[in-house]
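In this text, all values refer to a predicted model and were calculated from it rather than measured experimentally.
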Amino acid sequence: MSDLGEVRAVLAGVAEQLGSAYQQAGIARARLEDAVAVLDGLGEQHSEPLVPAELLQATEELERGLGLITGGASAVADIDARL
């Protein structure tokens, strides 16, 4: 295999891993949203909110991570297109 072919093969592997990471992060986002919804519902029966600030922060960080994964996938696709 040529050097260019090897680079393309590595880029394809990276793109696949980024796709998998995005999918797994999407599952995590759904589960975090479910947890927040359950705690919000239970919190209606209490005088104080039950959703910890750390859970909300984790949701924000996950969204940031999804953006970074998307940016990485875009960069890999751009590099591959230029080859």
Cluster check L68, V76: I/L/V/M/F/W/Y, side chain < 4.5 angstrom = no
Donor-acceptor pairs under 3.5 Å, side chain of residues 20-34 to any protein atom, not counting sequence neighbours: which ones?
unit_1, atom_1, unit_2, atom_2, d
R29, NE, E63, OE2, 3.3

Are the side chain of T70 and the backbone of L66 linked by a donor-acceptor contact shorter than 3.5 Å?
-> yes
Could you give me the CA-CA distance, side-chain angles and deciding distance for L83 and L11, then say whether side chain to side chain contact (heavy atoms under 4.5 Å, CB included) is met?
-> CA-CA 11 Å; L83 296 176; L11 285 173; 3.6 Å; yes
Less than 3.5 Å apart, which donor and acceptor atoms pair up between the side chains of residues 43-60 and the rest of the protein, not counting sequence neighbours?
unit_1, atom_1, unit_2, atom_2, d
T59, OG1, L55, O, 3.0

What distance do R64 atom CZ and I69 atom CD1 have between them, rounded to the nearest 0.5 Å?
-> 11.0 Å
